[in-house]
A.B. asks: 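A single structure is presented below for examination.
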Amino acid sequence: MSENVVRLHKATDGPASRPVPLWVRSGHAVKHAVTHERTRSAGRAVVRHGLYTFNGGRIVARRAWDGRTGARYERMIRAAEAARNLEAAEEWEERLSRFRAARHHRRMDLLHSPVDAAKGVAVGAGMSIGVLVALGVVLAINSGEVKDVVTPLSATIDFIALLIRIVQIVWGPAITIGPFLALLALWAVGRQQQAAPHWALPANVRSGEGEPITPSIVVKALRDLGIPALRNAIKEMGDAGASMLGPITIAGCGVEVDVTLPSGVSTIEVQNRRRKLAENLTRHEHEVFITIPQAARTVRLWIADSGALDEPIGPSPLVTDGTLTADYAKGKAPWGQDLRGDAAALSLYQRHLLITGLSNQGKTAALRALALWLALDRTVEFRIADLKGAGDWAMFDGLATVLIQGPTDDHVVEATEMIEDGVAEMERRLQAPPGTAFPPLILLVDEAQVAFMCPLVDADKRPYGGSKATSRYFMAARKIHNQGRAVNVLLWQGTQDPTDQNLPKLVREGAHTRASLALGTESQARMALGDKAVDGGAAPNLLRPGLDKGTVVVASDGIAIPAGQSSITVRTHYIDTDTATEVAERAKRMRDGVTTLRVIDRGEERDPLADIHSVFGESPRLVTQDVLKRLTALNEDAYGRWTFADLRRVLDGTGAEPYKSDGRMVVARERLTRALANRDTDGSASAS
């Protein structure tokens, strides 16, 4: 025994240092060789090219059979019958009859063809010999040699002998090479048709990267969905299912095609297999959208180019166009792009709005983009409650007349009172004379789920949150939904993870425009958009959290939705906080100064003179009626019943008394500032 073998079997100090047996190492080597990527690639190549040749033969045989028989016509007849197109079925049946009649005529001609061929050969040979002899006679007369009479005939015989010799030489190699050429031709046919299993195809084909969508690819994807009725119907169709498809048209960064399903297959069966359909089309699930158009038993497929939806869209017109203005009644907010790459604009005129989505998916940015556009209409008033309080709405300081920022229960109380003040304003407008025009008032609550889930109760034991008839926030929202749009008092809400607890049914169904970013479940999608939109193909629950930020599914009559669909998917423009601040500053320059109330005070001692000064903001002077309105917004309990006489009582003797300007009674901010300074210098008590 050699030294190596002795060393292999020698005992060692411990099991850790014991040599690995040869058979174990051999097994590992074999396993590594079998599972190595090169081995697997070689195996796939062998299977692929073998099946190319075999299936290429099947394809050629099928084509030959179709050319010699009426099989093609019979398949087309079955396809027309499956599609219930009787006219097409009759036309194909007539073509089949003509084909059979022509075939019968050709077969009858074959019975007489041998005799006719023999007669033709005899006549042809005789005429050829006669021509050759005549040509020889002419040559003999010309040359004076009698032997030239047979010269043309002899030359022809020699030529025929040469051809026979050539055939004898070539025949052997042709017999040897011919089968290989035939196999090569079959392989070429199979390769062109990719006639091999998907797993055996080359990596670039299996990845589907950039693979164009063709009718055969769509039909094959539908056939392999695992729906027996659909698979059997496609097999019976003479055109292999092509009659199901409408035209494949370019639609933005993808293509669109309508598929008319055969009898016995429902649209919901295809919708429920969206992921499998996408994979059959070599796409990711989020790159295929299935909607239901108006045509019966039809699904509309939108198939994105590979990776196209991961590319960002361009900047918002709010950023690129410094001269852009808004028109609440007639304009539309430039919100983003639809999947076809067309601009998606949303009308906000007299429409309550609800936008939902998981946390950190771009909900606030999408909602804020709409508010920033509308802020460029100087007639619009905003009252905003941000119950997250992270500063996402800070740029509206100086734009909104009320700005509440914070997540606490006290902030919910303030937000509730803001909505209730909106209800009071709505009721005042409803009682105005007919034909009175009212400027738009937008009551915006971001993170509204905080308000619905607030546990506080007021002094009368009425809860601020909840969904009962005693809930203050819920009832205020319901009242605005019921009558607010008629007088341009609108409620916009943004909320996370919609459920019956944090977004009651009556409130969510009161919104005219409902939009949703990525959600977790289909039940949440139904709460966000409604059953009709989800049944029509809307699926925000299939958006990818974190990857599809800013992509919203919208159900609204304020946006252009393709005919027959109940929703549209929009990739919204992202406007970051710094850029949003720049847009807000542009909106502020369009306005005559807005005083933003940051806190709604409740129940404490008031300083009327200081409060009057605080409501001026940057305005140099205000009409007395506007002063009274702003004081009411500041604290309705203290100033809600004030009249001009109360205002004059406070200002008399201060040097800031109301005076007439252009026929209207006004109050000057400069005089108020001087009066407050003089009062504080003299140490006088605040007015009571």
Side-chain angles (χ1 to χ4, degrees), residues 352-372 381-397 399-423 441-458 462-468 471-481 484 489-504 506-508 510-511 514-517 519 524 527-528 577 580 584 596-602 633:
H352 302 299
L353 186 146
L354 172 67
I355 182 169
T356 64
L358 298 175
S359 177
N360 196 33
Q361 297 304 307
K363 177 180 78 298
T364 296
L367 183 60
R368 188 175 64 189
L370 297 176
L372 285 171
E381 178 186 356
F382 287 94
R383 299 180 186 178
I384 298 174
D386 175 15
L387 298 182
K388 180 166 56 178
D392 292 333
W393 295 90
M395 70 288 301
F396 277 80
D397 188 357
L399 273 177
T401 54
V402 176
L403 180 59
I404 300 165
Q405 300 182 90
T408 68
D409 290 340
D410 288 339
H411 291 101
V412 172
V413 172
E414 294 172 0
T416 302
E417 293 179 351
M418 181 190 79
I419 301 298
E420 290 175 338
D421 289 343
V423 173
L441 172 59
I442 307 298
L443 304 170
L444 192 155
V445 182
D446 196 8
E447 306 296 343
Q449 76 278 357
V450 178
F452 284 112
M453 301 185 73
C454 179
L456 288 186
V457 295
D458 62 11
R462 292 184 59 195
Y464 285 93
S467 58
K468 296 182 179 179
S471 168
R472 291 180 59 177
Y473 183 89
F474 172 75
M475 289 307 298
R478 285 294 300 142
K479 289 178 180 179
I480 293 176
H481 276 172
V489 178
L490 303 177
L491 178 61
W492 292 7
Q493 296 182 98
T495 183
Q496 294 182 16
D497 303 338
T499 65
D500 285 327
Q501 288 71 40
N502 62 29
L503 188 61
L506 293 178
V507 171
R508 63 179 184 255
R514 299 168 72 172
S516 177
L517 294 102
L519 290 173
Q524 288 181 327
M527 292 180 185
T577 301
T596 298
L597 305 180
R598 298 175 183 81
V599 178
I600 303 177
D601 299 319
R602 301 179 298 279

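Because the structure is predicted, anything quoted here is derived from the model rather than measured.
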A.B. asks: Is Q449 reaching over with its side chain to a backbone N or O of Q496, donor-acceptor style, under 3.5 angstrom?
C.D. replies: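 Indeed, once roles are kept as given, a pair shorter than 3.5 Å links the two residues.
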A.B. asks: Rounded to the nearest 0.5 Å, how far does CZ of R368 lie from CD1 of I355?
C.D. replies: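 One finds 12.0 Å between CD1 of I355 and CZ of R368.
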A.B. asks: Going through the distances and angles, do M418 and V445 end up as a side-chain contact (heavy atoms from CB on, under 4.5 Å)?
C.D. replies: CA-CA 10 Å; M418 181 190 79; V445 182; 4.2 Å; yes
A.B. asks: Go through the steps for I480 and V423 under the test side-chain contact (heavy atoms from CB on, under 4.5 Å), then give the verdict.
C.D. replies: CA-CA 6 Å; I480 293 176; V423 173; 3.7 Å; yes
A.B. asks: Tell me, please, which residues at least two apart from Y464 pass ring pair (Phe, Tyr, Trp, His ring centres under 6.0 Å).
C.D. replies: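 Here no residue qualifies.
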A.B. asks: Hey, is the main chain of F382 close enough, under 3.5 Å, to the side chain of T401 for a donor-acceptor pair?
C.D. replies: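 Looks like yes, one N/O pair under 3.5 Å.
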A.B. asks: The criterion is salt bridge (charged side-chain N to carboxylate O under 4.0 Å, His left out); which residues satisfy it with D458, sequence neighbours excluded?
C.D. replies: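 Partners of D458 under the salt bridge (charged side-chain N to carboxylate O under 4.0 Å, His left out) test: R472.
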A.B. asks: Under the 3.5 angstrom rule, does the side chain of D397 hit a backbone N or O of A394 as a donor-acceptor pair?
C.D. replies: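 A pair under 3.5 Å: no.
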A.B. asks: Can you label the angle between the Y473 ring and the F452 ring as parallel, tilted or perpendicular, going by 30° and 60°?
C.D. replies: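 Taking F452 first and then Y473, their aromatic rings stand perpendicular (interplane angle over 60°).
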A.B. asks: Checking side-chain contact (heavy atoms from CB on, under 4.5 Å) against E414, which of L387, I404, T408 comes through?
C.D. replies: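 One option only clears the test, and that one is I404.
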A.B. asks: Could you tell me whether a side-chain N or O of S471 sits under 3.5 Å from a main-chain N or O of G465, the two making a donor and an acceptor?
C.D. replies: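 Yes; at least one donor-acceptor contact below 3.5 Å.
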A.B. asks: Using a 3.5 Å distance criterion without hydrogens, assess whether the side chain of R508 forms a donor-acceptor pair with backbone atoms of L503.
C.D. replies: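 Yes, because the side chain of R508 sits within donor-acceptor range (under 3.5 Å) of the backbone of L503.
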A.B. asks: Spell out, as yes or no, whether a donor-acceptor pair under 3.5 Å connects the side chain of N502 to the backbone of D497.
C.D. replies: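 Answer holds: yes.
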A.B. asks: Using a 4.5 Å cut-off on heavy atoms from C-beta on, say whether the side chain of K363 contacts that of E447.
C.D. replies: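 The answer is yes; the side chains approach within 4.5 Å.
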A.B. asks: Let me confirm one number: the OG1-CE distance from T416 to M475, rounded to the nearest 0.5 Å.
C.D. replies: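 Here the interatomic distance stands at 13.5 Å.
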A.B. asks: Using 0.5 Å steps for rounding, measure from the CG atom of L353 to the CG atom of L491.
C.D. replies: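 Here the interatomic distance stands at 9.0 Å.
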A.B. asks: Would you please test L443 and L490 for side-chain contact (heavy atoms from CB on, under 4.5 Å) and show each step?
C.D. replies: CA-CA 6 Å; L443 304 170; L490 303 177; over 6 Å; no
A.B. asks: Report the distance from atom CG of L403 to atom CG of D386, rounding to the nearest 0.5 Å.
C.D. replies: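 It is 7.5 Å, given to the nearest 0.5 Å.
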A.B. asks: For R478, enumerate each residue passing the salt bridge (charged side-chain N to carboxylate O under 4.0 Å, His left out) test, keeping only those at least two apart in sequence or located in another chain.
C.D. replies: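 None.
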A.B. asks: Excluding sequence neighbours, so at least two apart, what forms salt bridge (charged side-chain N to carboxylate O under 4.0 Å, His left out) with K479?
C.D. replies: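 Partners of K479 by the salt bridge (charged side-chain N to carboxylate O under 4.0 Å, His left out) criterion come out as none, since no residue qualifies.
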A.B. asks: Give every residue pair that meets the salt bridge (charged side-chain N to carboxylate O under 4.0 Å, His left out) criterion with at least one member in residues 352-361, sequence neighbours excluded.
C.D. replies: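 Every candidate salt bridge (charged side-chain N to carboxylate O under 4.0 Å, His left out) pair involving residues 352-361 fails, so no pair, neighbours aside, qualifies.
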A.B. asks: Go through the structure and list residues passing salt bridge (charged side-chain N to carboxylate O under 4.0 Å, His left out) with D392, not counting sequence neighbours.
C.D. replies: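 D392 satisfies salt bridge (charged side-chain N to carboxylate O under 4.0 Å, His left out) with K388 once adjacent residues are dropped.
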